[in-house]
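Here is the structure we will look at, set down as structure tokens.
In this text, all values refer to a predicted model and were calculated from it rather than measured experimentally. Chain letters run A, B, ... following the sequence lines, proteins first, then strands; residues in each count from 1. Excluded from the calculations below are hydrogen atoms, water molecules and symmetry mates; all remaining heavy atoms, backbone and side chain alike, are included.
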There are 2 protein chains.
Amino acid sequence: MSQSIEQPADGTPGRTPARAVPTSADVARLAGVSRATVSYVLNNTSAVRISEPTRERVREAARELGYVPHAAARTLRAGHSRMVLLPAAHVPIGPLYSRFFNDLQWALRRLDYTVVQYGSVGLAPEAAARAWAELRPAAVVSTGEVEVTPEAVEILRRSGVKAVITIGTRDADGTHSLVLDQPGVGAAAVEHLIATGRRRIGVVVPEEPGLGMFSGPRLEGARRAAGAAGATVVPLPLAYTEESAEELAARWPGLALDGVFAYNDEYAMLLMRALQDAGTDVPGETAVVGADDLLLGRLLRPRLSTVRIDMIGGHELAELVDRAIDGTAGGATRRLLSGSRVIRRESS
Amino acid sequence: MSQSIEQPADGTPGRTPARAVPTSADVARLAGVSRATVSYVLNNTSAVRISEPTRERVREAARELGYVPHAAARTLRAGHSRMVLLPAAHVPIGPLYSRFFNDLQWALRRLDYTVVQYGSVGLAPEAAARAWAELRPAAVVSTGEVEVTPEAVEILRRSGVKAVITIGTRDADGTHSLVLDQPGVGAAAVEHLIATGRRRIGVVVPEEPGLGMFSGPRLEGARRAAGAAGATVVPLPLAYTEESAEELAARWPGLALDGVFAYNDEYAMLLMRALQDAGTDVPGETAVVGADDLLLGRLLRPRLSTVRIDMIGGHELAELVDRAIDGTAGGATRRLLSGSRVIRRESS
DNA sequence: TTGAAAGCGCTACCAG
DNA sequence: CTGGTAGCGCTTTCAA
């Protein structure tokens with residue numbers, strides 16, 4: 001074959017010769033056509049008509065060489081990518097989110113986007129934004145693990161990112177913001193407790209870092225709801241360990257609380273267990289309400305009352321992303337997701 | 001300014017003018033130097049000495065323009081990327097994995113790799129491999145959610161991927177394989193049950209798709225261990241729903257099992273709850289063993305016995321990835337991670 | 001110490 | 001219907 005003449009300098013001479021990775025030029029040579037034709041055939045370019053025999057020759061050559069197009073080259077040439085970047089969460093928020101994530105990814109891929117999660121643990125907002133911007137994604141969909149500051153948005157914008165979508169506790173300007181009504185979650189729980197006759201209500205505040213952006217607003221909402229009804233709210237710091245829960249349960253009698261909103265179902269389980277072990281009757285002495293409606297909660301005894309949180313569907317969000325990228329969605333929008341409601345079981 | 005002459009065709013004429021994204025050429029122009037100099041300065045190229053005033057001018061210009069390098073262009077020019085691709089799991093495997101994931105990402109970033117998770121839900125092995133290959137990552141680290149077939153490995157190899165690392169239930173050839181000893185997990189559980197006097201042992205097999213690659217080998221290991229001791233193993237299909245668990249619990253007496261390995265702690269909780277509700281005494285009539293050592297298990301009553309699974313550390317793996325990329329780790333290796341041991345609590 | 005220029009792989013224009 | 005070719009943004013060799 002003619003290629004053998006320009007045997008390329010081999011990268012790894014030691015072991016398997018590892019021929020250089022095939023390019024569209026290699027495909028063209030093997031098929032006896034031009035690189036342009038290869039591009040037309042492999043991309044099914046409709047603006048140009050290639051004879052069927054030629055198409056087949058090209059496809060066969062590509063198959064034989066194991067040709068895979070080079071995304072970076074395509075991006076460079078096109079001037080834009082079809083990548084949607086999701087800053088990856090450092091805290092797994094449970095089945096609710098993971099289901100949502102899967103739906104989103106699946107829907108975006110149907111729209112021909114390449115979905116990529118970028119781990120951004122421990123990066124400052126601007127540093128993270130720069131790292132994301134290097135990849136020149138078409139859109140960034142942030143689910144709240146890294147704060148999206150105005151500076152970050154500006155960095156992304158200037159790097160050609162077409163759309164920034166945030167899902168979080170408050171709107172980030174210049175973005176399409178989906179605001180989860182966290183205060184509403186706390187308020188729903190507390191209103192329910194009050195409606196069932198409770199007056200002194202504890203609100204668990206996780207000590208784990210990274211949950212503050214959720215727990216703060218939930219506490220705030222709880223306070224508002226309690227204030228409106230003349231009830232009392234007591235913040236209860238709690239780490240996700242048995243020791244911390246035991247310690248809290250030990251001083252429970254002194255706190256004289258008749259109800260508690262435990263942040264979510266997992267903390268609720270932790271706390272409820274500790275309370276029961278310490279001899280506190282649930283819901284007799286203290287009612288407990290979690291959040292997220294995990295299967296877990298139905299397995300506890302008493303069955304756990306919970307706040308089911310309103311969440312946007314993955315498919316719906318994918319469409320928003322798509323419209324935001326092609327400009328149809330306008331410059332910046334804000335949408336409040338507030339539909340949290342209590343599911344009463346046996347613990348309240 | 002001179003740029004105003006060649007005002008580029010604006011992408012989105014409607015709203016904010018959105019000036020074209022700045023390139024290193026723009027930085028060079030603003031700083032009054034050549035593009036080469038810009039590259040030298042911003043990459044701290046040591047082979048070349050640039051005067052301090054020039055460096056400062058370049059950096060200032062970059063800052064002013066909000067310049068962010070274009071990863072695709074860099075990759076294209078360099079002929080290789082520093083991207084490590086992790087096919088993202090479609091099933092959240094719990095805190096054990098998520099901790100591992102974070103460590104791995106963090107460690108890889110310290111080694112100056114760009115870590116990217118690629119959602120590959122529902123793709124055939126070869127299709128997934130091609131999708132990954134388009135990004136020309138330096139390495140692919142598969143944690144077992146998509147099967148890595150020999151064909152897939154070949155596709156990746158031919159696309160210049162330097163290293164393929166698999167963590168899974170068996171070794172994939174041509175890769176660096178870390179084999180989790182799943183049979184060992186089942187065996188450990190069953191041996192423990194036998195040692196504590198059980199003879200007819202159920203093994204839960206989750207009906208959820210995607211877990212088969214774990215549950216199958218665990219069942220196999222359980223069978224081997226039972227066979228060696230003359231005990232009996234009964235496979236128990238179970239979906240992760242209350243109904244499925246209730247149904248299983250209802251026919252429990254007929255099964256006449258005195259022990260059960262419940263796949264993991266979550267299924268164990270589900271089953272144990274259903275058994276207790278149906279009036280079966282745990283561990284009196286039936287002993288229950290889970291796996292993964294979740295905090296959850298310690299909160300149950302009786303406290304759940306569990307198999308703690310041996311796992312490689314994220315940092316350690318990051319180093320393997322690094323050596324595999326630069327060739328130091330050799331062509332293909334295999335390492336068995338077998339160190340599972342039972343933590344006995346109260347349910348067995 | 002700095003600049004000019006080639007070229008990575010690909011696509012889209014324009015000629016033939 | 002097919003081929004030639006420019007050029008996306010970047011790094012790096014070679015020359016000045």
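Toward the 5' end of DNA chain C, the nearer of the two residues B:A36 and A:V68, judged by each one's closest nucleotide, is B:A36.
Rounded to an integer number of Å, the gap from CD of B:E52 to P of C:dT1 is 12 Å. In this structure, A:N43 places its CG atom 9 Å from C1' of C:dC10, rounding to the nearest Å. Atom C1' of nucleotide C:dG9 and atom CZ of A:R35 are separated by 7 Å, given to the nearest angstrom. C:dA12 atom P lies 13 Å from atom CD1 of A:I50, rounded to whole Å. One interatomic measurement links the two molecules: CG of B:L135 to P of C:dC10, which rounds to 14 Å at whole-angstrom precision. Look at CZ on A:R29: it is 11 Å from P on C:dG9, rounded to the nearest Å.
Each end of the helix from C:dT1-D:dA16 to C:dG16-D:dC1 gets its own rotation axis from five pairs of C1' atoms, and the angle between them is 40° to the nearest 10 degrees.
Taken residue by residue, residues 76-83 of chain B places heavy atoms nearer than 4.0 Å to DNA chain C at B:L76, B:R77.
Taking each heavy atom of B:T333 and B:A329 in turn, the nearest pair found is CG2-O, 3.7 Å.
Side-chain contact check for A:W132 and A:S159: no donor-acceptor pair (N or O, by modelled atom type) lies under 3.5 Å.
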Under 3.5 Å, which N/O atoms of the protein pair with N/O atoms of nucleotides 14-16 of chain C?
none

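Enclosure of atom CZ in B:R110 is not indicated, since only 12 or fewer non-hydrogen atoms of other residues, nucleotides or ligands lie within 6.0 angstrom.
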Side-chain polar contacts of residues 32-41 of chain A - donor-acceptor pairs under 3.5 angstrom, sequence neighbours left out - could you list them?
| from | atom 1 | to | atom 2 | distance (Å) |
| --- | --- | --- | --- | --- |
| A:S34 | OG | A:A36 | N | 3.3 |
| A:S34 | OG | A:T37 | N | 3.3 |
| A:S34 | OG | A:T37 | OG1 | 3.2 |
| A:S39 | OG | A:N43 | ND2 | 3.4 |

Between side-chain atoms of residues 134-141 of chain A and protein atoms elsewhere (two or more places apart, or another chain), which donor-acceptor pairs fall under 3.5 Å?
| from | atom 1 | to | atom 2 | distance (Å) |
| --- | --- | --- | --- | --- |
| A:R136 | NH1 | A:A133 | O | 2.8 |
| A:R136 | NH1 | B:V68 | O | 3.4 |
| A:R136 | NH1 | B:P69 | O | 3.4 |
| A:R136 | NH2 | B:V68 | O | 2.7 |

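A salt bridge between A:E52 and A:R57 is absent, with no side-chain N of the basic residue lying under 4.0 Å from a carboxylate O of the acidic one.
Of all nucleotides in DNA chain D having an atom under 4.0 Å from a heavy atom of chain A, the first and last in 5' to 3' order are D:dC1 to D:dG9.
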